[in-house]
Novice: 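Starting off with a structure, shown below.
Heavy atoms only: backbone and side chains are in, while hydrogens, waters and symmetry mates are out.
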Amino acid sequence: MDVTVTSSVIKIGKEKVPSPGLGTYQLTGKAGEQAISDAIRRGYRHLDSAQYYRNEEVVGNAVRNSGKVRKDFFVATKIWPTEFSKRNFMPAVERSIRELNLDYIDLLLLHWPADDTANDVASELMNEAIHKGYARLVGVSNFSIAQLKRAQSLAPVFCNQVEYNPYTIQKEMVEYIQANNLMMTAYQPLSRGKVNTDATIISLGKKYGKTPGQIVLRWLVQQENVCPIPKAGSEKHLIENMKIFDFSLSEGDMEMITDLSSKR
């Protein structure tokens with residue numbers, strides 16, 4: 001029996017971003033395309049790719065072959081810092097458009113910061129990507145607050161994608177994101193499976209009748225403007241990662257998970 005689950009959305013201004021999304025790092029080739037197609041069938045509409053992942057083609061294939069309309073999807077991709085120059089940046093964006101074989105990118109990100117000069121050039125050129133219709137929204141990834149502020153002064157930054165999980169707490173970044181009505185995309189939300197062996201999280205899972213991964217994803221989506229993008233390749237995990245909207249963590253349990261970083 002086909003089990004379909006529905007994502008929620010994060011509202012940032014007029015934008016509604018499906019949450020959680022699907023991290024697609026290492027989902028490549030036919031197997032990767034099948035996993036992404038399975039995710040779409042299970043209700044995922046937010047797909048996170050990158051030039052560095054070498055899977056934009058399979059992400060685009062899965063979207064086009066899904067039988068769903070393009071506007072239902074939120075597709076993100078990222079440009080590698082070696083392309084942060086006037087000569088290379090727009091050709092790199094155009095390459096992503098060709099690889100995805102989609103009319104536009106929903107969210108175009110700078111994958112990692114380079115030096116200040118290169119960051120400024122790339123940030124300014126993101127305006128051109130919007131003007132040309134290549135990207136609806138733009139943002140950054142792995143930027144510090146200072147770097148994020150600088151990028152905001154040069155482009156309409158929508159989000160910062162950073163590692164965020166119970167062991168990599170981003171307190172100041174979350175506060176800044178929320179205060180400025182931006183989105184935080186949280187990658188490695190399950191800390192590469194580490195949450196599955198954490199005694200505190202296992203205990204909370206028993207309390208709520210959920211898996212450790214579901215507990216942590218719920219902890220993330222209960223935080224304003226935070227969108228986790230767990231990677232999942234199996235049907236089991238694709239379904240589990242979406243079944244996080246039928247319960248809520250208490251304030252005390254939220255704090256208990258947050259405090260895990262101080263006990264490392």
Novice: For the pair Tyr134 and Leu108, evaluate side chain to side chain contact (heavy atoms under 4.5 Å, CB included) and give the outcome as yes or no after the intermediate values.
Specialist: CA-CA 9 Å; Tyr134 294 159; Leu108 178 71; over 6 Å; no
Novice: For Gln178 and Gln223, work out which heavy atoms get closest and say how close.
Specialist: NE2-C, 4.2 Å
Novice: Are Glu56 and Arg98 ion-paired here, with the side-chain N under 4.0 Å from a carboxylate O?
Specialist: no
Novice: For a 4.5 angstrom cut-off between non-hydrogen side-chain atoms, does Thr24 reach Leu22?
Specialist: yes
Novice: Within the 4.5 Å heavy-atom criterion, are Phe89 and Leu110 side-chain neighbours or not?
Specialist: yes
Novice: I'd like to check Thr211 versus Gln214 (side-chain heavy atoms, cut-off strictly below 4.5 Å). Are they in contact?
Specialist: yes
Novice: Should Ile215 and Leu249 count as side-chain neighbours, where that means a heavy-atom distance under 4.5 Å?
Specialist: yes
Novice: Quick one: which of Ser96, Ser141, Ser49 gives a side chain to side chain contact (heavy atoms under 4.5 Å, CB included) with Lys78?
Specialist: Ser141
Novice: Could Asp116 and Arg150 be called an ion pair, given the rule that one side-chain N must be under 4.0 Å from one carboxylate O?
Specialist: no
Novice: Checking Tyr44 against Leu238 for the side chain to side chain contact (heavy atoms under 4.5 Å, CB included) test, could you report, in this order, the C-alpha distance in whole Å, the side-chain angles of both residues, the deciding distance, and whether it holds?
Specialist: CA-CA 9 Å; Tyr44 289 81; Leu238 286 170; 3.9 Å; yes
Novice: Give, for atom CG of Asn61 and atom CD1 of Ile36, the distance between the pair rounded to the nearest 0.5 Å.
Specialist: 9.0 Å
Novice: Are His46 and Ser19 side-chain neighbours, meaning at least one heavy-atom pair lies under 4.5 Å?
Specialist: no
Novice: Name all pairs fulfilling the ring pair (Phe, Tyr, Trp, His ring centres under 6.0 Å) condition that reach into residues 177-224, sequence neighbours left out, sorted by first residue then second.
Specialist: Tyr164-Trp219, Tyr208-Phe247
Novice: To the nearest 0.5 Å, tell me how far Asn55 CG sits from Glu57 CD.
Specialist: 10.0 Å
Novice: Could you tell me the separation between the CZ atom of Arg95 and the OG1 atom of Thr77, rounded to the nearest 0.5 Å?
Specialist: 10.5 Å
Novice: May I ask you to say whether Lys210 pairs ionically with Glu240, meaning some side-chain N is under 4.0 Å from a carboxylate O?
Specialist: no
Novice: Please examine the side chains of Leu204 and Ile257, heavy atoms only from C-beta on, and report whether any two atoms are closer than 4.5 Å.
Specialist: yes
Novice: Are Arg70 and Tyr104 in a cation-pi setup, meaning NZ or CZ lies under 6.0 angstrom from the ring centre and within 45 degrees of the ring axis?
Specialist: yes
